[in-house]
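Just so you know, these numbers come straight off a predicted model, no measurement behind them.
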Amino acid sequence: MVATEHILQELNPPQREAVTASAGPLLILAGPGSGKTRVIAHRIAYLVDREGVAPWRILAVTFTNKAAREMRGRVVAHLGDAALDVALGTFHSVCARLLRVEADRIGLPRSFAIYDDADQMALIKRVTEGLNIDPKRFSERAILSTISRAKSELVSPRAFAGSASDYFGELVARSYERYQALLEENSALDFDDLIVKTVEMLREHEAIREKYQERFLHVLVDEFQDTNVAQYQLARILAARHGNICVVGDPDQSIYSWRSADIRNILNFERDFPAARIVLLEQNYRSTQNILDAAHAVISGNQQRKQKSLWTERGGGEPIAVFEAYDETEEAEFIAREIARLLGEDGWAHRDFAVMYRTNAQSRAIEEALMRAGIRYQLVGGTRFYERREVKDVLAYLRLVHNPYDLVGLTRVLNVPGRGIGAKTAQQVERWAQTLGVPVYTALQILVAQESGSQPAGLPDAGRHPVAARQAKAIVEFVGLLDELMGVAAKNNLSTLLDGVLERTGYRRYLFDEFEDAEQRWENVEELRNVAADYDGLAPGNGLVSFLEDVALISDADTIADEGEAPSEGRVTLITLHSAKGLEYRAVFIIAMEEGVLPHVRSFDDPGQMEEERRLCYVGMTRAKERLYLLRAFRRYAMGSSQHNPPSRFLRDIPPQLIAQQSAVTEASERRYQAPAPRIDARPPVPEDAVFSGGEKVRHPRFGEGIVVACVVANGDQELTIAFKGEAGIKRLLLSLAPLERM
DNA sequence: CGCCGTACGGTTTTT
DNA sequence: CCGTACGGCG
């Protein structure tokens with residue numbers, strides 16, 4: 001508690017202002033590395049410690065669950081266990097909790113399922129099928145993303161239909177309505193619904209609204225530039241009673257507009273709260289001046305932005321290293337070598353390094369190189385654990401036990417492991433359910449009743465089911481299996497339930513019968529069981545609910561190993577630029593600085609999206625504390641074939657004097673592609689006849705025949721990277737010293 | 001009706 | 001290169 005005073009001493013004046021601003025709306029515009037996480041944590045501590053606010057009356061919303069955990073850790077460090085009562089989480093997790101608590105009062109099934117991207121896709125497929133929409137003319141993904149955008153802007157199906165002006169709009173309007181109906185039938189909410197339903201709840205139920213408005217004396221929102229309209233409205237409603245809303249963001253780091261994040265929220269905030277106090281945090285505590293200058297040069301290319309001054313006391317630092325490799329293998333090998341080299345120096349640990357890329361698929365080459373070099377790494381995201389088939393199967397059973405109306409889960413495992421209920425039968429049942437106007441699970445129950453010759457109370461009187469005898473028998477068994485598992489769930493902890501699922505379905509045997517890589521898959525199932533065991537302390541029903549909720553709302557950034565691992569245990573981080581937001585590393589490698597990758601080809605025809613690519617690059621660059629490496633490859637393999645990408649426009653925006661060594665890998669080949677990249681002026685002359693270029697065959701007296709894969713011009717010499725055919729492998733040689741012969 | 005083989009198409013980012 | 005869609009066989 002006494003800590004507060006000396007904490008305030010450590011802060012610079014704007015930070016102190018942000019922490020101690022007493023009441024009312026507050027907008028903090030924070031540059032990268034300005035210590036904003038620290039400031040929010042301090043502010044929470046300050047409110048409790050100095051202003052006497054009860055911790056449970058503070059709501060702080062972060063972007064990822066990991067950020068929430070980190071925030072909680074910081075606040076607990078200041079306040080002790082009292083801080084555990086602060087309401088902390090992502091918008092989605094906070095909403096899920098509120099909806100679960102209020103479910104009965106607002107007529108929402110308490111056991112609603114949460115649908116992720118893949119589940120939504122499965123649902124929208126049914127919608128377009130039902131509406132006879134040709135997926136070749138109108139992609140399901142486009143329809144879904146239009147629906148999602150409407151929901152993030154709090155546009156109801158009815159309102160959307162009213163404003164639809166073209167044919168596509170009509171189709172989406174019809175799909176939207178049907179999609180929502182289907183979600184309801186499944187007792188499911190998608191990610192957007194979590195927010196939308198919460199806003200609706202607060203708008204329509206006065207008692208509930210007043211309860212929470214009264215409770216939350218202070219509302220704080222981090223990463224405000226990445227909130228969508230619905231999320232902003234939610235924060236506004238919650239803060240309306242007391243008017244204490246503090247939002248923190250950086251327009252230059254807005255990288256989620258494709259997920260309907262709306263940068264205009266920042267402008268609207270100033271409009272909605274004219275009395276808002278605005279604090280600028282412009283001092284950077286993270287990066288060296290060179291890194292900051294380079295990043296600034298890149299972000300300055302955006303037209304739509306407010307100029308901002310960023311400064312640091314950290315001095316010049318190392319120049320930015322730009323490396324041009326022959327292909328992605330060499331790019332990766334350069335990184336592995338550089339990391340190995342720095343690890344050999346004093347004070348560097350694995351966790352000091354991160355390799356960042358635009359798309360998940362790019363991690364592959366890096367992984368291979370690090371593996372070959374024996375460098376430990378952790379891959380963030382990629383083929384995510386919870387997206388693996390075997391994990392999804394087991395989860396689907398758990399979801400069904402929790403909510404048997406979940407049609408997506410049901411169709412997933414109806415015939416997994418195979419029990420003779422094929423697609424045809426599933427379709428028959430679904431059609432039948434539709435004509436009866438009941439959920440598929442209810443139809444299955446009726447079928448079971450009919451098979452046993454009875455008609456239990458509470459189920460609609462229906463015509464005879466359309467399923468053939470053999471398949472009907474299999475369905476009876478399947479429904480029996482679910483019943484049995486629900487019985488297990490009611491009385492046992494989560495891992496017992498999961499064991500029950502595996503045992504009764506014979507899932508292990510199924511894996512080993514059907515898959516080559518069954519070992520690996522079974523390991524994943526066991527890993528899932530380990531996670532589930534963490535919930536065994538909870539009451540039977542609660543364990544399952546919390547587990548499913550956490551699984552649905554977990555993000556890949558949440559899986560990053562926390563600090564606290566022994567230094568020797570650290571790992572190099574491989575991460576997408578998007579996921580890297582909010583993180584920092586001593587050394588950062590950004591790969592594939594190429595036109596078409598970063599900026600991504602999909603942004604070429606839209607200036608707005610191009611600006612977002614630039615911000616993405618800026619986010620990546622500003623993750624670096626001490627060293628920043630920007631890499632590109634002359635050729636890159638993607639989807640089987642090789643392609644050539646010109647250097648990224650963002651590279652050209654960086655002043656040459658900030659760049660250490662301009663590596664020139666494939667000059668000769670490069671010229672053929674007329675790449676106009678600016679070169680460092682003071683490049684020392686190299687004797688013309690001595691210049692080797694990529695692809696040339698050479699002979700070395702000791703290493704034998706090889707191919708030049710890269711050459712770097714430096715200090716009047718050339719450093720050649722040569723792949724030799726024999727034992728020697730890949731070597732780096734100086735032109736002036738190596739007795740090389742052109743072949 | 002279900003299962004297994006081959007051809008083809010589509011590929012950003014994620015709470 | 002990977003997963004899905006379709007066609008023939010048991």
Side-chain angles (χ1 to χ4, degrees), chain A residues 61-68 89-96 114-118 120-122 125 135-136 139-141 145 148 151-152 189-195 223 226-228 230-231 254-261 356-364 380-384 386-389 414-428 467-472 474 513-514 549-559 575-582 592 596-604 606 609 612-613 615-617 619-620 637-641:
Chain A
V61 185
T62 54
F63 194 75
T64 64
N65 291 298
K66 177 173 187 274
T90 63
F91 272 110
H92 291 91
S93 69
V94 166
C95 287
I114 298 174
Y115 272 13
D116 70 9
D117 201 56
Q120 292 181 50
M121 220 38 214
K125 279 209 169 104
K136 274 173 196 134
S139 91
E140 282 142 356
R141 190 158 291 284
S145 81
S148 171
K151 290 166 88 165
S152 347
L189 302 184
D190 65 16
F191 278 132
D192 299 310
D193 280 341
L194 289 173
I195 317 291
E223 307 285 11
D226 285 323
T227 54
N228 63 33
Q231 291 166 331
S254 160
I255 53 175
Y256 282 94
S257 72
W258 50 273
R259 215 174 70 188
S260 306
M356 301 181 185
Y357 36 81
R358 180 65 178 80
T359 66
N360 283 303
Q362 290 171 253
S363 67
R364 191 109 175 202
V380 180
T383 32
R384 283 181 281 262
Y386 291 103
E387 281 173 19
R388 286 167 211 273
R389 181 188 193 141
L414 187 60
N415 198 32
V416 175
R419 48 174 75 87
I421 313 172
K424 194 84 187 175
T425 306
Q427 200 182 39
Q428 284 172 351
V467 178
R470 185 199 192 99
Q471 279 71 23
D513 285 349
E514 302 285 326
E549 193 165 296
D550 288 351
V551 163
L553 298 178
I554 212 95
S555 79
D556 62 346
D558 296 334
T559 63
I575 194 168
T576 63
L577 289 163
H578 280 91
S579 300
K581 188 177 70 160
V597 184
L598 183 65
H600 196 270
V601 62
R602 300 278 291 242
S603 65
F604 280 178
D606 179 351
Q609 276 191 49
E612 184 146 313
E613 296 290 308
R615 292 193 291 270
L616 193 54
C617 184
V619 165
Y637 291 90
M639 286 178 273
S641 64

Taking only residues two or more places apart in sequence, or in another chain, which ones meet [X] in a side-chain hydrogen bond (donor to acceptor under 3.5 Å, both in side chains)?
{"X": "A:Thr425", "result": "none"}
{"X": "A:Lys581", "result": "A:Asp226"}
{"X": "A:Tyr115", "result": "A:Asp406"}
{"X": "A:Thr90", "result": "A:Ser93"}

[X] has an atom [atom1]; how far is it from atom [atom2] of [N], in whole Å?
{"X": "A:Asp116", "N": "B:dT15", "atom1": "CG", "atom2": "P", "answer": "11 Å"}
{"X": "A:Ile575", "N": "B:dT14", "atom1": "CD1", "atom2": "P", "answer": "9 Å"}
{"X": "A:Arg259", "N": "B:dT14", "atom1": "CZ", "atom2": "P", "answer": "9 Å"}
{"X": "A:Leu194", "N": "B:dT14", "atom1": "CG", "atom2": "C1'", "answer": "14 Å"}
{"X": "A:Leu189", "N": "B:dT15", "atom1": "CG", "atom2": "P", "answer": "19 Å"}
{"X": "A:Glu613", "N": "B:dT13", "atom1": "CD", "atom2": "P", "answer": "11 Å"}
{"X": "A:Glu140", "N": "B:dG9", "atom1": "CD", "atom2": "P", "answer": "16 Å"}
{"X": "A:Asn228", "N": "B:dT14", "atom1": "CG", "atom2": "P", "answer": "17 Å"}

Output one line per pair: protein atom, nucleotide atom from nucleotides 2-6 of chain B, and distance, for all N/O pairs under 3.5 Å.
from, atom 1, to, atom 2, distance (Å)
B:dG2, OP1, A:Gly422, N, 2.5
B:dG2, OP1, A:Thr425, OG1, 2.6
B:dC3, OP2, A:Asn415, ND2, 3.3

Report the residues that fulfil ring pair (Phe, Tyr, Trp, His ring centres under 6.0 Å) with A:His92, sequence neighbours left out, ordered by chain and then residue number.
->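 Scan of A:His92 (ring pair (Phe, Tyr, Trp, His ring centres under 6.0 Å), adjacent residues dropped) gives A:Phe191.
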Do the side chain of A:Asp190 and the main chain of A:Asp116 share a donor and acceptor less than 3.5 angstrom apart?
-> no
Pairs counted as Watson-Crick or G-U wobble with both distances under 3.5 Å: what dot-bracket string results for DNA chain B, using | for bases tied to another strand?
-> |||||||||......
Would you please name every residue forming a salt bridge (charged side-chain N to carboxylate O under 4.0 Å, His left out) with A:Glu140, sequence neighbours left out?
-> none
Sequence neighbours excluded, which residues qualify as salt bridge (charged side-chain N to carboxylate O under 4.0 Å, His left out) partners of A:Asp193?
-> A:Lys151
Counting only side-chain N and O atoms of A:Asn65, is one of them less than 4.0 Å from OP1 or OP2 of B:dT15?
-> no
Presence of A:Ser579 side-chain N/O under 4.0 Å of B:dT13 phosphate oxygens OP1/OP2 | no
May I ask you to say what A:Arg364 touches in the nucleic acid, namely base, sugar-phosphate or nothing, with a heavy-atom cut-off under 4.0 Å?
->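 If one applies the 4.0 Å heavy-atom cut-off, A:Arg364 turns out to touch the sugar-phosphate alone, with no base involved.
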What nucleic acid atoms does A:Phe63 come within less than 4.0 Å of, heavy atoms only: base, sugar-phosphate, or nothing?
->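 Sugar-phosphate: the residue A:Phe63, judged by heavy atoms under 4.0 Å, touches backbone atoms but no base.
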If you check every side-chain atom of A:Gln428, which of B:dC1, B:dT13, B:dT15 has the closest atom?
->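 The answer is B:dC1, which lies nearest to the side chain.
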Do we see A:Trp258 stacking on the base of B:dT13, given a limit of 5.5 Å between centres and 30° between planes?
-> yes
Hey, what's the ring geometry for A:His578 with A:Tyr256, parallel, tilted or perpendicular (30° and 60° as the breaks)?
->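 It falls in the perpendicular class, over 60°.
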